[in-house]
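First the structure, in the form of structure tokens, and then the observations on it.
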2 protein chains.
Amino acid sequence: MDILEIESTIQRFAIFAQLDRQAIADVARSSKPRCILRGQAAFDQGEQANAIFLVLNGRFKAIQMDPDGSQIVTRLAGAGDLIGHLSAFNETPYPVTAVAILDGEILAWGRRTFVDLLLRHPQLSLALIRYMGLSIEEAHKRLHEATNEHVERRIAHAILRLVRQGGRPVEGGIEIPFPITRQDIGLMSGTTLQTVSRTLSAWQKNGIVDGGRQHLVLRDPHAIVAIAEEQ
Amino acid sequence: MDILEIESTIQRFAIFAQLDRQAIADVARSSKPRCILRGQAAFDQGEQANAIFLVLNGRFKAIQMDPDGSQIVTRLAGAGDLIGHLSAFNETPYPVTAVAILDGEILAWGRRTFVDLLLRHPQLSLALIRYMGLSIEEAHKRLHEATNEHVERRIAHAILRLVRQGGRPVEGGIEIPFPITRQDIGLMSGTTLQTVSRTLSAWQKNGIVDGGRQHLVLRDPHAIVAIAEEQ
DNA sequence: CGTGGAGTTGAGTAACTTCAAGGATCGTGG
DNA sequence: CCACGATCCTTGAAGTTACTCAACTCCACG
């Protein structure tokens with residue numbers, strides 16, 4: 001991807017949309033593009049956070065692991081999402097490992113470089129603040145779900161999140177167009193892969209979803225919304 | 001509180017610490033101080049977010065409530081903490097109700113006013129970005145705990161958070177110097193007041209904690225850390 | 001002195017997890 | 001092209017944690 005492509009790509013993303021031509025050029029010029037193959041990590045949990053990344057395309061999952069081995073998926077990131085921004089500015093280690101679940105391209109900035117961009121372009125800071133505000137609200141919503149809702153509802157929420165982050169309409173439903181395992185869904189909804197499997201099997205019997213290995217299609221999205229919202 | 005007091009107070013808070021004299025004056029001048037009595041709310045969930053607040057003193061709890069009545073406490077806020085910042089910049093409704101659990105003073109800025117401050121003082125934006133990054137990490141940590149740890153451990157974590165946010169050393173332990181109910185602790189650790197009561201009763205028998213109605217003293221903080229970290 | 005918020009404690013139970021074992025699907029190398 | 005290993009998925013049965021329901025006590029405050 002050359003610099004002009006980068007400019008025209010990033011100016012479409014919410015975080016950069018308010019910047020003028022010159023600012024976009026400044027931002028683009030100081031970035032380094034990088035390809036990440038499926039299965040590779042953009043960075044690893046615990047590593048010193050020297051860079052911040054923007055996803056240009058592809059799909060990443062952020063996995064957080066405890067010393068005792070337990071994990072959760074804190075978020076998925078697609079085109080236009082930042083990753084690594086939490087720790088980069090506080091100079092703390094990355095709190096998650098960001099694994100590509102599809103081949104993809106990202107843009108990297110050094111920590112110091114990005115801080116300078118923020119100081120030079122207040123509109124960029126403001127956009128980042130808005131972006132992070134939404135992340136916190138999302139995290140709190142998940143926390144609420146995790147502590148007050150039963151599994152089936154949590155799984156429904158997790159799947160609706162997948163849809164919002166990149167569901168593709170196909171004939172007879174909505175497809176999740178990237179590989180996702182029962183394990184992943186479990187880590188996103190706070191349950192085990194077995195429970196996810198049982199739940200999806202039941203839904204499949206009712207014609208609500210469809211799909212096989214690492215693949216999911218919502219046949220009746222409305223039914224899933226209903227499950228997510230039932231008392 | 002007059003303007004000079006405000007200036008000298010806020011410059012000690014992390015979010016404003018990097019600002020020069022002039023910037024501090026600018027920030028202070030555009031703020032409106034306000035007193036909140038115990039039990040009152042600085043703002044209510046669902047209300048249009050027209051203002052952002054800084055806690056000068058006192059203590060607030062942020063409660064999030066579902067349509068079905070279930071609640072969680074997303075955070076406690078003390079001197080130096082911002083409240084209302086999540087939604088104010090995105091012009092979404094407040095996602096929580098911020099209730100004072102002690103009489104306190106806060107500083108208020110209108111949404112537009114604070115955005116202008118951010119645009120005028122890039123260092124303020126940067127500090128806010130750092131602050132929000134820490135909030136997200138904290139939320140993700142709680143999410144991890146909520147889904148992978150058993151109640152006793154979660155309660156221990158919740159209490160350690162209380163200590164970090166304002167524990168006061170007293171003879172024979174550490175005191176939580178603001179009123180906190182079993183219900184609150186339950187809402188902070190994702191369990192019921194009954195389970196909290198049982199757990200604290202057991203701990204009290206072992207001499208780990210002490211306290212009565214809305215009151216808590218850690219007699220053996222080390223033991224609580226051990227519980228929070230045991231496998 | 002009465003009322004309501006806060007806390008305690010017991011018993012029963014539901015919802016998930018854990019353990020277990022087998023089946024399906026993918027990719028890879030002979 | 002087929003065999004094999006690795007990953008992913010399914011389903012059953014047993015076990016457990018912590019929630020729910022319920023009754024009772026204690027205090028603070030008007």
Side-chain angles (χ1 to χ4, degrees), chain A residues 37-39 61 63 68-73 99 101-103 145-156 158-159 176 178-206 209-217 227 230-231, chain B residues 37-39 61 68-73 99 101 145-159 176 178-206 209-217 227 230-231:
Chain A
L37 294 176
R38 182 175 168 179
K61 64 178 171 190
I63 302 187
D68 66 1
S70 72
Q71 326 182 107
I72 64 166
V73 169
V99 180
I101 58 176
L102 288 175
D103 296 351
E145 290 169 17
T147 58
N148 289 306
E149 293 180 357
H150 285 186
V151 228
E152 191 179 21
R153 241 179 116 178
R154 298 203 308 265
I155 293 173
I159 289 176
I176 306 300
F178 44 82
I180 193 90
T181 65
R182 317 281 146 167
Q183 167 91 284
D184 290 328
I185 297 174
L187 295 178
M188 295 187 329
S189 53
T191 184
T192 60
L193 67 153
Q194 291 93 332
T195 298
V196 173
S197 180
R198 280 183 239 275
T199 305
L200 292 185
S201 293
W203 288 357
Q204 194 158 16
K205 277 198 192 76
N206 298 338
V209 299
D210 219 332
R213 188 191 169 86
Q214 303 199 101
H215 187 234
L216 190 62
V217 181
I227 292 169
E230 77 197 355
Q231 301 292 2
Chain B
L37 296 176
R38 182 174 168 181
K61 63 178 172 190
D68 66 1
S70 72
Q71 328 181 106
I72 64 166
V73 169
V99 179
I101 56 178
E145 289 169 18
T147 58
N148 289 305
E149 293 179 357
H150 284 186
V151 233
E152 191 179 21
R153 240 180 117 178
R154 298 203 308 266
I155 293 173
H157 277 295
I159 289 176
I176 307 300
F178 42 84
I180 193 90
T181 65
R182 318 280 149 171
Q183 167 91 285
D184 290 328
I185 297 175
L187 294 178
M188 295 187 329
S189 54
T191 185
T192 60
L193 67 153
Q194 291 93 332
T195 298
V196 174
S197 180
R198 280 183 238 274
T199 306
L200 292 185
S201 292
W203 288 357
Q204 194 158 16
K205 278 200 192 74
N206 299 336
V209 300
D210 218 333
R213 189 188 169 85
Q214 302 200 101
H215 187 232
L216 191 62
V217 181
I227 292 169
E230 78 198 353
Q231 300 293 1

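As a basis for the values below, the full set of heavy atoms in this structure was taken, side chains included, without hydrogen atoms, waters or symmetry mates. In what follows, chains are A, B, ... by sequence order, proteins preceding strands, each numbered from 1.
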Handout entry: Validation row: A:Asn148, B:Asp68 side chains within 4.5 angstrom (heavy atoms)
Key = no

Problem - pair A:Gln71-A:Val73: side-chain heavy atoms closer than 4.5 Å - result: no

Practice task
Return the nearest nucleotide to the side chain of B:Val151; candidates are D:dC9, D:dA18, C:dC16.
Solution key: D:dA18

Exercise for the section: Flag the pair A:Leu216 / A:Ile159 as yes when at least one side-chain heavy-atom distance between them is below 4.5 Å, and no otherwise. Expected result: yes

Problem - Integer-rounded Å distance: C:dT9 P and B:Leu193 CG - result: 13 Å

Problem - Distance, rounded to the nearest Å, where A:Leu200 contributes CG and D:dT10 contributes C1' - result: 11 Å

Write out a two-atom table: protein N or O, nucleotide N or O from nucleotides 20-29 of chain C, distance below 3.5 Å.
residue, atom, partner, partner atom, Å
C:dT25, O2, A:Arg213, NH1, 3.4

Exercise for the section: Using a 4.5 Å cut-off on heavy atoms from C-beta on, say whether the side chain of A:Glu152 contacts that of A:Ile155. Expected result: no

Problem - Rounded distance (Å) that lies between atom P of D:dC19 and atom NE2 of B:His150 - result: 11 Å

Handout entry: Rounded interatomic separation in angstrom, taking CZ from B:Arg153 and P from D:dA18
Key = 12 Å

Exercise for the section: Please examine the side chains of B:Thr181 and B:Asp184, heavy atoms only from C-beta on, and report whether any two atoms are closer than 4.5 Å. Expected result: yes

Practice task
Report yes if the side chains of B:Leu200 and B:Ile185 come closer than 4.5 Å at any heavy-atom pair, otherwise no.
Solution key: yes

Practice task
Give the nucleotide from the list D:dC9, C:dT8, C:dA15 with an atom nearest to the side chain of B:Ser197.
Solution key: C:dT8

Problem - Backbone N/O of A:Leu193 and side chain of A:Ser197: donor-acceptor pair under 3.5 Å - result: no

Problem - Gap between atoms CD1 and C1', on B:Ile185 and C:dT8 respectively (whole Å) - result: 15 Å

Completion exercise
To the nearest angstrom, the CD-C1' distance between A:Glu152 and C:dC16 comes to 13 Å

Practice task
Would you indicate, yes or no, if C:dA6 has its OP1 or OP2 atom less than 4.0 angstrom from a side-chain nitrogen or oxygen of B:Thr181?
Solution key: no

Exercise for the section: Give the rounded distance in Å between these two atoms: CD of B:Glu149 and P of C:dT17. Expected result: 15 Å

Practice task
Just compare C:dA15, D:dC9, D:dC19 and give me whichever is closest to any side-chain atom of B:Thr195.
Solution key: D:dC19

Exercise for the section: Write down the distance between CD (B:Gln204) and C1' (C:dG7), rounded to a whole number of angstrom. Expected result: 11 Å

Exercise for the section: Look at A:Thr191 and C:dC16 and indicate whether a side-chain polar atom (N or O) is within less than 4.0 Å of OP1 or OP2. Expected result: no

Handout entry: Exam field: side chain B:Arg153 to backbone B:Glu230, donor-acceptor pair closer than 3.5 Å
Key = yes

Exercise for the section: Kindly indicate whether the side chain of B:Arg38, heavy atoms from C-beta on, has any atom under 4.5 Å from the side chain of B:Ile101. Expected result: no

Fill in the blank from the handout: Among the nucleotides C:dG7, C:dC16, C:dT9, whichever has the atom closest to the side chain of B:Arg182 is C:dG7

Completion exercise
Rounded to 10°, the angle between the first-five-pair and last-five-pair axes of the helix from C:dC1-D:dG30 to C:dG30-D:dC1 is 40°

